[in-house]
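Data block below; observations after.
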Amino acid sequence: MSQSMTINLKIWRQASGAADGGFVAYTVENVLPEMSFLEMLDLLNEQLALKGEAAVEFDSDCREGICGTCGLVIKGTAHGPHAATTTCEVRMRHFHDGETITVEPFRAKPFPILKDLVVDRTAFDRIQQKGGFITANVGSAPDGNAVPIPKTDADKAMDAASCIGCGACVAACPNASASLFVSAKISQLSYLPQGQVERGRRALAMVTQMDAEEFGDCSNHGECEAVCPKEVSIENIARMRREFIKGAFGK
Amino acid sequence: MSSFRSLAWSSVGKKVITGLTGFMLIGFVMVHLLGNLTLFIPDGGHGFNEYGHFLEHAIHGWLIYAFEVGLITIFIFHILAAVTVAWTDKRKARPKGYAMVRNAGGKSRKGLPSTSMIVTGITLFVFVVLHVKMFKFADHPAVTYDGTTMKNLYAVVVEAFKQPLITGLYVTVMVMLGFHLRHGFWSAFQSLGLNSDRYMSTLQVLARVFAVLFAAGFVALPLFLYFFADAPVPGGH
Ligand code: FES
């Protein structure tokens, strides 16, 4: 039986998007080191429910780091202090007994707060709808190697495609830029033959939508790559710019 | 489809403009530093004055005008694009900030050079204006070499750098130039899409080397004049 811990929390609470918010302090007892951060918050919510208080709202779905639904700023870092992890993969053993942890929602104008720690990330969907797709009817699955793709291109496409759209890049960017997300989506398709048809206008359309959503611009700080749970590289951002320049000067 | 102008002033367009003008400014600073190395020649300013005279009169004085107009244009675009990125758009995109921010570390390139770009940049701009006022629009005494009379810019420069306050300010601002280049140099490649994981570490090393070389060169000049140049003859030749 592992040692249970007491954790102090400072959590951002906000009744609705229109309401004013503020930090509320909580203490959670009997936290086990092997619990995930979200399980610790579940424990807090059980205690709140017993007291008849409103639960702290936060997003989660798969709780195994593959869906991109969860996302909190924990102690000043998106998805917490550990690299290459989503919020749901953060374990309480990374914190010590009696520690005070500040928990905030992802903050960006295009990610409006819905309630407490839950933000609306549909801006990402609207960007995707502008160009993160292919129009070719690819039919049923082709034979393996019927369409030759160099191994390095396939790998790069896969690396970009590992983006789960959690929005941590926006949350961590000092400018609240969505460049890493958008560039991952643009890159992924630019490496593959199926993505060539719309290649010229894809970057232009998606960047234009990114700007319309009022995300900030990139200053090449690279905080996005450092917090990305899938370690998507900022080389994709350079590639997005290449695609954009080609698109702008192309036909 | 968007107009070319709106694409040029989009978030990515502004990066391309900042990077492109940044490269041009780096080129200018490089030529400027190389030219100023004539100040190190112990010839009482002959070489430096000849260099200045050449610049002012090349192609009947058109060269310098063309460069000045070009430089001012480049500066304006560089500043406008960068200030909207790092100041206005940034504030709009996150109206309410975090209570706690900690740098993520790891692969992040965020640090003093990257976060102070706007401060070092604005300081450099103010500096350039004062620098031009101080040396270009000064009252230059005349000097004659082999029958050619020209401006004795050297005398003005030495007189300025014999003042500890001016030398101190120059050294400070040139260290800031080093910081600006530390982030700006590799950033320009990244902004123009001329980067990938393969080149990243090389670019980071080059950025450090460039930053140190430029800062050291421009710091050495005023210090050299302060400590080693002969005080100018009052009234010149
Ligand atoms: S809940 Fe699915 S990634 Fe965290």
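This structure is a prediction, so every number in the text was calculated from the model and none was measured. Chain letters run A, B, ... following the sequence lines, proteins first, then strands; residues in each count from 1.
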| task | Please test B/Tyr98 against A/Thr102 for side chain to side chain contact (heavy atoms under 4.5 Å, CB included), starting from the C-alpha separation and ending with a verdict. | result | CA-CA 10 Å; B/Tyr98 293 105; A/Thr102 307; over 6 Å; no
| message | Walk me through whether A/Glu235 and B/Asn195 qualify under side chain to side chain contact (heavy atoms under 4.5 Å, CB included). | response | CA-CA 6 Å; A/Glu235 76 168 359; B/Asn195 193 14; over 6 Å; no
| field | Interchain contact, A/Lys75 with chain B, by part (heavy-atom threshold 4.5 Å) | value | both
| Which atoms of A/Glu223 approach chain B - backbone, side chain, both or neither, heavy atom under 4.5 Å | both
| said: At a 4.5 Å cut-off on heavy atoms, which part of A/Ala248 comes close to chain B: side chain, backbone, both, or neither? | reply: both
| message | Counting heavy-atom pairs closer than 4.5 Å to chain A, which one of B/Arg198, B/Lys92, B/Met200, B/His183 comes out on top? | response | B/His183
| Side chain B/Arg94, main chain A/Ala171, donor-acceptor under 3.5 Å | yes
| B/Phe48 atom CZ: more than 12 heavy-atom contacts under 6.0 Å | yes
| query | With a 4.5 angstrom heavy-atom cut-off, which part of B/Val85 approaches chain A: side chain, backbone, both or neither? | reply | both
| query | Between B/Ser114 and A/Asn220, do the side chains contain an N or O donor and an N or O acceptor separated by less than 3.5 Å? | reply | no
| said: Please determine whether the number of non-hydrogen atoms from other residues, nucleotides or ligands lying under 6.0 Å from atom CZ of B/Phe23 exceeds 12. | reply: yes
| note | Contact list (residues 206-218 of chain A to chain B, heavy-atom gap under 4.5 Å, by number) returns A/Val207, A/Thr208, A/Met210, A/Asp211, A/Glu214, A/Phe215, A/Gly216, A/Asp217, A/Cys218
| said: Can you tell me which of B/Ala99, B/Gly13, B/Pro95, B/Ala82 forms the most heavy-atom pairs within a distance under 4.5 Å of chain A? | reply: B/Ala99
| message | Let's test your reading of the structure: which of B/Lys14, B/Arg109, B/Gln190 forms the most heavy-atom pairs below 4.5 Å with chain A? | response | B/Gln190
| request: Any chance you could lay out the side chain to side chain contact (heavy atoms under 4.5 Å, CB included) test for B/Leu7 and A/Leu204, step after step, and finish with the verdict? | output: CA-CA 8 Å; B/Leu7 292 181; A/Leu204 301 188; 4.0 Å; yes
| field | B/Lys90 NZ to A/Cys173 SG distance, which is reported to the nearest 0.5 Å | value | 8.0 Å
| task | Count the heavy-atom pairs under 4.5 Å between each of B/Ser6, B/Ala86, B/Ser196 and chain A, then report the option with the highest count. | result | B/Ser196
| Those residues of residues 106-115 of chain A, ordered by number, that approach chain B below 4.5 Å (heavy atom to heavy atom) | A/Phe106, A/Arg107, A/Ala108, A/Lys109, A/Pro110
| With a 4.5 Å heavy-atom cut-off, do B/Lys110 and A/Pro174 have their side chains touching? | yes
| query | Quick one: CG on B/Asp197 to CD on A/Glu225, what's the gap to the nearest 0.5 Å? | reply | 6.5 Å
| message | I need the residue from A/Trp12, A/Phe23, A/Phe244 with the largest number of non-hydrogen atom pairs under 4.5 Å to chain B. | response | A/Phe244
| Contact leader toward chain B among A/Val227, A/Val170, A/Ile237, A/Ile234, where contacts are heavy-atom pairs under 4.5 Å | A/Ile234
| said: For A/Ile245, which atoms come within 4.5 Å of any heavy atom of chain B: side chain, backbone, both, or neither? | reply: side chain
| task | Any chance you could measure A/Cys228, atom SG, to B/Lys107, atom NZ, to the nearest 0.5 Å? | result | 10.5 Å
| After noting the C-alpha distance and the side-chain angles of B/Ser191 and A/Arg241, does the key distance pass the side chain to side chain contact (heavy atoms under 4.5 Å, CB included) rule? | CA-CA 7 Å; B/Ser191 293; A/Arg241 289 166 181 158; 4.1 Å; yes
